[in-house]
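Chain letters run A, B, ... following the sequence lines, proteins first, then strands; residues in each count from 1.
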Amino acid sequence: MERGAIPLDDVPGAVDVQATLESGQTYLWWRPDGDTYRTDGLSGGDAWYRTVIDDDVIDVRQTATAIEWRGTTDAAPIVRDALGLHDDLDAVRGAARSDPLITAAWDAYDGLRIVRDPFFGCLVSFICSAQMRVERIFEMQERLRREYGTPITFDGQTVYSVPEPSALAAATESDLRDLKLGYRAPYVQRTAAMVASGELTKRDIDGRAYELARETMTDFVGVGNKVADCVLLFSLGYLAAVPLDTWMQTAIEDHYPDCERGRYEDTSRAFREHLGPHAGYTQTYLFHYLRSGGSAPEPTE
DNA sequence: CTCCAGGGAGCCT
DNA sequence: AGGCTCCATGGA
């Protein structure tokens, strides 16, 4: 096992690992101890979090002065990328739109960063996210890893990697339904087959202009505009992407009604222009804040 | 019992 | 293009 630490002083802006990994951005990090993903807002600030990237197990936890890591490889550069530690958070916030709701969200979870999950795992997890509660999306990914991942021995435990496209492409719809994927089972199988065969892959998406990248993403089965935005934002670093789920639709109706345009593409464009640069960052703060029970502060006069 | 969860595909005009 | 309807599963 290799170990190390990334001093917080080396990171531009604040860091909050718990807010980053428990804000519904990623279903590919979990707690190896205790096994629960806290949705109750209680402190998990010093807990270890685990992921598997390219057959390497990586654990991280935040201390008062650093982000500690341990893993099967020298994980420092991987952790910096995966947790968005390169993002200059002060600059991101400084450039963003500010209003009472956005300020409250940012103040509540200062240090929340946009993750960069591996493309295929992110794609599969968000296909699974359709009409599904956060806790159960985690359970689906855990079952997929256990059934279709590669076992890795780490710290005396057996950890399963995120499945390869070919592994899920070889599964049948019935196999995946047995893992409680429901009607998402054929979507996952067919999308995995597209990636495995080379018909459509990350290479066809990454680097394209945002709106074209999103449109291309929807060629995957089980991927509409919302899931496309999630993958662009949480895997490929398209910080302009603003996933418009039911929470954000409600938020727009309640707080930004002028941005409501009926069609997803048009509402998205209006909302992105309203939020300003790196709109996806602000969207993610709003999503986590609203879903955790936060509300717009009453104007004080 | 009903309703809903970080939606999307298929089919209809 | 835009508007239905259906789709699994489990917890409240």
**OP:** Report yes or no: is the ring centroid of F287(A) under 5.5 Å from the six-membered base ring centroid of dG6(B), with the two planes under 30 degrees?
**Re:** yes
Subject >> Salt-bridge present (D229(A), K226(A); N to O < 4.0 Å) >> reply: no
Original post:
Using atom P of each nucleotide, how far apart are dC3(B) and dT5(C) to the nearest Å?
Top reply: 15 Å
**OP:** Could you tell me whether D10(A) and R80(A) have a side-chain N and a carboxylate O separated by less than 4.0 Å?
**Re:** yes
Original post:
Between D88(A) and R93(A), is there a side-chain N and carboxylate O pair less than 4.0 Å apart?
Top reply: no
Original post:
Whole-Å distance between dG8(B) P and Q249(A) CD?
Top reply: 11 Å
Original post:
Roughly how many Å is it from CD in Q131(A) to P in dA8(C), rounded to a whole number?
Top reply: 13 Å
Original post:
In Watson-Crick or G-U wobble terms, both distances under 3.5 Å, what is the partner of dG11(C)?
Top reply: dC3(B)
Subject >> Nearest-Å distance for atom pair CZ/C1', residues F220(A) and dG7(B) >> reply: 17 Å
Original post:
In whole Å, what separates the P atom of dC6(C) from that of dT2(B)?
Top reply: 15 Å
Original post:
Can you check the M132(A) CE to dC7(C) P distance for me, whole Å?
Top reply: 15 Å
Original post:
Roughly, in whole Å, what's the span from CD1 in I137(A) to P in dG10(C)?
Top reply: 15 Å
Subject >> Interatomic distance, D245(A) CG vs dA5(B) C1' [rounded to whole Å] >> reply: 11 Å
Original post:
Just checking E265(A): base, sugar-phosphate only, or nothing, at a heavy-atom cut-off of under 4.0 Å?
Top reply: nothing
Original post:
Partner of dA9(B) by Watson-Crick or G-U wobble geometry, both contacts under 3.5 Å, or none?
Top reply: dT5(C)
Subject >> W69(A) six-ring centre to R61(A) NZ/CZ under 6.0 Å and within 45° of normal >> reply: no
Subject >> Closest-nucleotide ordering on DNA chain B, the 5'-leading residue of A228(A) and R136(A) >> reply: R136(A)
**OP:** Go through the side-chain N and O atoms of R50(A) and Q157(A) and say whether any donor and acceptor fall under 3.5 Å apart.
**Re:** yes
Original post:
Whole Å only: how far is the NZ atom of K180(A) from the P atom of dT9(C)?
Top reply: 6 Å
Subject >> dG8(B) and dG11(C), which share atom name P, separated by this distance in whole Å >> reply: 24 Å
**OP:** For Y285(A) and dG6(B), give me the distance from atom OH to atom C1', rounded to whole Å.
**Re:** 19 Å
Subject >> Lys/Arg-Asp/Glu bridge criterion (N-O < 4.0 Å) met for R146(A), E142(A) >> reply: no
Original post:
So what does R177(A) hit on the nucleic acid, given a heavy-atom distance under 4.0 Å: a base, only sugar-phosphate, or nothing?
Top reply: sugar-phosphate
Original post:
Is T246(A) near enough to dG7(B) that one of its side-chain N or O atoms lies under 4.0 angstrom from OP1 or OP2?
Top reply: yes
Original post:
Is any N or O donor-acceptor pair between the side chain of R184(A) and the base of dC7(C) shorter than 3.5 Å?
Top reply: no
Original post:
Side chain of R133(A): nearest nucleotide among dG6(B), dG2(C), dG7(B)?
Top reply: dG6(B)
Subject >> 5′-ward residue of the pair V221(A)/W247(A) relative to DNA chain B >> reply: W247(A)
**OP:** Between dG10(C) and dA9(B), how far apart are the C1' atoms? Round to whole Å, please.
**Re:** 23 Å
Original post:
Does the dG7(B) base have a donor-acceptor partner in the side chain of Y187(A) within less than 3.5 Å?
Top reply: no
